[in-house]
Number of protein chains: 2
Amino acid sequence: MRIGDDLSDRKKAILRALIDAHIENGEPVGSKYLTSCDIGCSSATIRNEMSELEQMGYLEQPHTSAGRVPSKAGYRFYVDSLMRAYSLTARELETLNNMQKARLSQLDKMIKAAGKLITSMTNYPTVSVKPKFKDQTVNCFKTTFVDSRNFILSMIMSGDVVRSRYIHCKIEVTEEVLNRLCGVLNNNIAHKTSSEITLPLIMKMENDMGVDDALISSVIKNVYDVMSSDDEGELKYEGVDKLLEYPEFSDLGNLKDLLSFMDKKEQIMQLVENDKNDNVSIYIGGEDSSLSANSSIILKTFKVDGKVVGAIGVIGPQRMEYPKVVAMVEYLAKCISSTLEIPDVKELRPPDSDT
Amino acid sequence: MRIGDDLSDRKKAILRALIDAHIENGEPVGSKYLTSCDIGCSSATIRNEMSELEQMGYLEQPHTSAGRVPSKAGYRFYVDSLMRAYSLTARELETLNNMQKARLSQLDKMIKAAGKLITSMTNYPTVSVKPKFKDQTVNCFKTTFVDSRNFILSMIMSGDVVRSRYIHCKIEVTEEVLNRLCGVLNNNIAHKTSSEITLPLIMKMENDMGVDDALISSVIKNVYDVMSSDDEGELKYEGVDKLLEYPEFSDLGNLKDLLSFMDKKEQIMQLVENDKNDNVSIYIGGEDSSLSANSSIILKTFKVDGKVVGAIGVIGPQRMEYPKVVAMVEYLAKCISSTLEIPDVKELRPPDSDT
DNA sequence: TTTAGCACTCGGATAGCCTAAGTGCTAAAA
DNA sequence: TTTTAGCACTTAGGCTATCCGAGTGCTAAA
């Protein structure tokens with residue numbers, strides 16, 4: 001049985017109205033207020049229903065004579081089945097469409113731009129992510145002769161991402177030597193993950209290179225560097241200061257919890273990498289482990305060939321304006337995704353840089 | 001006359017002791033406490049001196065019957081001439097030396113590692129920066145043939161940083177065509193800044209390429225992209241949550257000020273880029289415009305060929321443990337700089353990535 | 001010139017009181 | 001059987017009054 005299936009329509013209406021109201025003003029909601037919400041019954045009835053909803057775990061009472069507040073389960077049910085889709089206003093759409101300007105540029109810039117935009121439009125902080133690529137392989141090596149002491153090693157990774165290194169040699173090299181080097185690399189370690197590059201393999205390559213075996217070690221170091229560039233991906237926040245505008249974070253404890261969580265970049269990266277959802281995901285703090293209670297994250301990942309290559313998201317108090325935020329994130333994500341799908345001149349960028 | 005020259009030795013001693021004490025516990029310091037600080041006179045005398053120091057602008061009084069607190073000018077004089085050098089303990093040195101492990105890796109990783117380290121050792125947030133490169137030029141173009149529809153364009157920038165793009169062509173290309181393309185690019189736009197690449201120049205290049213003129217436009221787009229990659233540099237914070245451990249930031253107004261400042265990345269980038277100081281710089285909030293009052297920044301930049309290529313810094317309350325933080329930043333900066341100076345295989349990374 | 005003593009000031013903590021909001025329960029009404 | 005009205009009860013938060021301590025400035029003596 002799905003969560004919330006045990007609720008009567010009236011209970012659902014009450015729950016929805018209550019959560020909407022709580023999101024609006026952040027304070028516990030009482031039965032009296034709810035009578036003005038088209039439920040169609042008196043405060044006493046609503047009290048009874050609320051009391052039951054509390055027993056069922058959808059509501060909580062901060063203290064005896066306060067109104068009710070949604071519990072994690074309440075929020076969960078709300079975002080899963082209760083909330084009404086928010087339809088963007090013409091004005092909002094226009095703003096969002098300016099985003100298209102960034103279309104010309106690369107994924108990470110678009111993600112960044114999207115983050116800024118959402119922050120300014122929703123007043124919640126955003127997070128933009130480009131996750132680390134694990135177990136990358138080099139599909140093809142290319143060398144380019146510069147002069148007798150220098151050459152460029154270009155590595156074509158999966159997804160036609162190119163990573164290059166400018167390599168300065170201690171010995172003199174010729175184009176012929178470089179071509180041999182290139183062949184050796186392609187024959188031995190193309191399509192291999194870093195853990196498959198073993199010492200015997202390296203020895204074999206040095207052997208293959210003959211007198212120029214000294215090249216291998218300095219090249220291998222660079223290859224390894226590029227492959228295992230676990231470069232944490234990029235994770236950026238925009239508008240963290242907005243958090244302070246929400247009363248739940250004037251409690252320094254709560255604030256610290258959330259900031260600490262945000263500081264643990266690996267955790268968020270994991271969240272992103274494990275997000276198999278094709279739609280917008282909503283994480284509610286305290287529901288599952290890591291995320292700090294009192295806060296929620298709305299996240300949309302971008303995938304290329306089924307692999308997560310980035311994400312944008314919104315971090316805010318648990319009483320976020322889910323419908324609106326979801327609508328915006330969805331819209332921008334669609335814009336970004338569409339540019340990902342039709343690469344003419346390929347422009348995917350690796351998560352980090354080269355030399 | 002330099003700031004602080006008008007102070008007697010006793011005044012200096014009092015000022016130093018007062019600031020040390022204030023940094024320690026964050027509360028206004030009274031005359032009575034200072035008698036225990038080896039000043040060698042009674043609280044009454046100290047009171048008189050403090051009164052004068054206040055008139056001179058080095059101290060402030062939050063209210064009539066509180067102790068004194070250093071003013072901006074007080075802090076400025078303190079960090080400039082008063083504070084005692086902090087000598088790192090053996091234990092601290094050991095921890096810092098672990099840093100050397102990162103030596104193998106690249107600048108940005110070292111910077112990041114240094115940030116983490118300082119945060120954990122000082123309990124202040126750190127900021128790590130790689131500024132944007134402005135007005136980059138491509139010193140040399142290289143093309144690498146992949147197949148009849150694809151090639152790699154490698155651009156060697158100043159500092160032997162290589163940036164590559166995997167380019168997919170709409171027309172078929174041969175190695176010969178690519179070589180011509182390469183020549184055209186090198187003849188016309190090597191060593192030029194993006195603003196020097198004018199439309200007539202592009203027309204000329206298209207002309208030079210003859211029948212393959214279609215290549216130019218798609219290549220130019222990539223070149224422009226790389227050159228003007230104003231990619232904001234990377235600016236990352238570590239341990240922002242630590243701020244909350246300092247009482248000055250339990251005032252939400254102060255906290256918001258600082259967080260807003262931290263959010264305005266351009267401002268900090270400017271600070272970094274304009275930092276001509278070869279030593280550690282100390283910025284005291286409220287002293288000069290941008291930085292939020294109540295906070296200070298300690299910053300050390302890294303330069304290559306006189307150009308700022310990165311920085312690490314510490315952000316904290318104005319009553320920071322300057323001597324200790326300065327010592328640590330200085331030490332780590334030295335470690336990082338030393339690896340910057342002896343590049344064997346060149347490994348400088350561009351501020352961002354390639355395709 | 002320094003010190004001791006003393007009256008004065010003011011912020012912060014504590015306690016007590018009151019109010020408003022909201023609840024649960026019971027009994028009447030539909 | 002379900003809904004409503006009424007009422008007693010609970011409790012957080014705001015308000016005021018009060019007290020205490022820390023620290024000052026001033027004056028007079030050393």
Side-chain angles (χ1 to χ4, degrees), chain A residues 7-15 17-19 21-22 24-71 74 247-248 250-254, chain B residues 7-15 17-19 21-22 24-71 74 247-248 250-254:
Chain A
L7 295 183
S8 69
D9 283 351
R10 191 168 68 190
K11 280 203 178 60
K12 286 181 188 169
I14 290 175
L15 189 54
L18 188 146
I19 296 183
H22 181 68
E24 185 78 22
N25 56 38
E27 261 142 49
V29 182
S31 55
K32 193 160 126 204
Y33 171 85
L34 288 178
T35 54
S36 66
C37 294
D38 266 347
I39 309 290
C41 53
S42 76
S43 71
T45 311
I46 292 178
R47 272 204 294 283
N48 290 333
E49 296 282 49
M50 281 163 73
S51 173
E52 284 177 46
L53 281 169
E54 185 176 357
Q55 280 201 314
M56 298 164 88
Y58 295 107
L59 295 179
E60 279 166 6
Q61 218 175 0
H63 61 89
T64 322
S65 78
R68 301 301 208 294
V69 158
S71 67
E248 28 275 87
S250 43
D251 178 312
L252 288 188
N254 288 345
Chain B
L7 294 182
S8 69
D9 283 351
R10 191 169 66 190
K11 280 203 179 60
K12 286 180 188 170
I14 290 176
L15 190 54
L18 189 146
I19 296 184
H22 180 69
E24 185 77 23
N25 55 37
E27 260 143 51
V29 182
S31 55
K32 192 160 127 203
Y33 171 86
L34 288 178
T35 54
S36 65
C37 293
D38 265 346
I39 309 291
C41 54
S42 77
S43 70
T45 312
I46 291 178
R47 271 204 294 283
N48 290 333
E49 296 282 48
M50 281 163 73
S51 174
E52 284 177 48
L53 280 168
E54 184 176 357
Q55 279 201 314
M56 299 164 87
Y58 296 107
L59 294 180
E60 279 167 6
Q61 217 175 1
H63 61 88
T64 323
S65 76
R68 300 301 209 294
V69 158
S71 67
E248 28 276 87
S250 45
D251 178 312
L252 289 188
N254 288 344

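- Minimum atom distance to the side chain of A:Met50 is reached by C:dT23, of the listed C:dT23, C:dC10, C:dC6.
- One interatomic measurement links the two molecules: CD of A:Gln55 to P of C:dT23, which rounds to 15 Å at whole-angstrom precision.
- Put simply, NE2 on A:His63 is 13 Å from P on C:dA21, counting in whole angstrom units.
- Between B:Ser65 and B:His63 there is a side-chain heavy-atom pair separated by less than 4.5 Å.
- Of the two residues near DNA chain C, B:Pro62 and B:Asn48, the one whose nearest nucleotide lies more 5' is B:Asn48.
- Taking atom CD of residue A:Glu27 and atom C1' of nucleotide C:dA20, one finds them 13 Å apart after rounding to whole Å.
- Both distances falling under 3.5 Å, in either a Watson-Crick or a G-U wobble arrangement, place D:dT16 opposite C:dA15.
- Both B:Ser42 and A:Val29 sit near DNA chain C, but only B:Ser42 has its closest nucleotide nearer the 5' end.
- The A:Thr45 side chain lies nearest to D:dT4 when the options are C:dC10, D:dT4, C:dG5.
- A close approach under 4.0 Å does occur between a side-chain nitrogen or oxygen of A:Arg10 and OP1 or OP2 of D:dT3.
- Atom CD1 of B:Ile19 is separated from atom OG of B:Ser71 by 8.0 Å, given to the nearest 0.5 angstrom.
- Counting distance only, with no hydrogens placed and no angle test, the side-chain atoms of A:Arg68 and the base atoms of C:dG24 include no donor-acceptor pair under 3.5 Å.
- Atom OH of B:Tyr33 and atom P of D:dT24 are 14 Å apart (whole Å).
- For A:Ala44, whose side chain is taken as the heavy atoms from C-beta onward, the closest listed nucleotide among D:dA22, C:dA4, D:dT4 is D:dT4.
- Across the protein-nucleic acid pair, B:Asn25 atom CG and D:dA22 atom P stand 14 Å apart, rounded to whole Å.
- Within the 4.0 Å cut-off from OP1 or OP2 of C:dC10, not a single side-chain nitrogen or oxygen of B:Ser65 is found.
- Regarding A:Leu18, its CG atom lies at a distance of 11 Å from the P atom of C:dG22, rounded to whole Å.
- Pairing each heavy atom of B:Ser8 with each of B:Glu49, the nearest pair is OG-OE2, 4.3 Å.
- When all heavy atoms of B:Thr35 and B:Ile46 are compared, the pair lying nearest together is N-CD1, 3.9 Å.
- Atom pair A:Arg47:CZ and D:dC9:P shows a separation of 16 Å (rounding to whole Å applied).
- OP1 or OP2 of C:dT23 has at least one side-chain nitrogen or oxygen of A:Ser31 nearer than 4.0 Å.
- With A:Ile14 as the fixed residue, the side-chain contact (heavy atoms from CB on, under 4.5 Å) test singles out one of A:Thr45, A:Ile39, A:Leu59: A:Ile39.
- Following rounding to the nearest Å, B:Glu49 (CD) and D:dG25 (C1') show an atom-to-atom distance of 15 Å.
- Both distances falling under 3.5 Å, in either a Watson-Crick or a G-U wobble arrangement, place C:dC6 opposite D:dG25.
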